[in-house]
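One structure below.
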Amino acid sequence: MHPDKIWIVIVILIVILAGSNLIMFAAARGFREIRFGRSLDKDILSHPWKKENDKLKELNQRVKDLQNNDKK
């Protein structure tokens, strides 16, 4: 074997490994953005039932108001 050819093989292997890692990293980042999307807000992810809780609080308040009106 020639030492010059060994260095060429080593450099090609490093380029292939680095390139494949970059491609996999880009694919993983792309999958994450598609999966969670930009339409989903961080607030939705951290408080998934906030919308329903707000509706239930409003309903609870209306029921209390109706009960107070009936007592008067």
Side-chain angles (χ1 to χ4, degrees):
M1 283 216 157
H2 300 287
D4 296 335
K5 292 184 180 181
I6 292 174
W7 285 108
I8 292 172
V9 170
I10 290 173
V11 169
I12 290 173
L13 284 175
I14 291 173
V15 168
I16 289 172
L17 287 173
S20 65
N21 282 332
L22 287 174
I23 290 170
M24 294 304 282
F25 179 74
R29 295 280 297 197
F31 177 73
R32 187 184 69 168
E33 287 179 10
I34 291 170
R35 184 174 170 199
F36 294 115
R38 293 180 184 172
S39 63
L40 292 178
D41 194 12
K42 287 183 181 179
D43 189 43
I44 293 172
L45 294 174
S46 61
H47 303 289
W49 297 284
K50 184 180 184 324
K51 190 175 179 182
E52 288 81 6
N53 283 341
D54 291 342
K55 288 180 183 179
L56 286 174
K57 285 180 185 178
E58 181 181 350
L59 180 62
N60 187 19
Q61 185 62 39
R62 286 184 183 180
V63 169
K64 284 181 182 179
D65 290 341
L66 288 173
Q67 287 176 345
N68 287 337
N69 286 339
D70 287 343
K71 288 182 181 180
K72 288 182 182 180

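- In this structure, the side chains of Asp65 and Gln61 come closer than 4.5 Å at one or more pairs of heavy atoms.
- Each of Lys50, Glu52, Glu58, Lys51 was scored for a side-chain contact (heavy atoms from CB on, under 4.5 Å) with Asp54, with one residue passing: Lys50.
- For the side-chain contact (heavy atoms from CB on, under 4.5 Å) criterion with Ile14, the lone passing option out of Ile10, Leu17, Val11 is Ile10.
- Side chain of Asn60 to main chain of Leu56: no donor-acceptor pair is present (N/O by atom type, distance under 3.5 Å, no hydrogens or angles).
- Residues Trp7 and Val15 are members of separate hydrophobic clusters, defined by side-chain heavy-atom contacts under 4.5 angstrom among Ile, Leu, Val, Met, Phe, Trp and Tyr.
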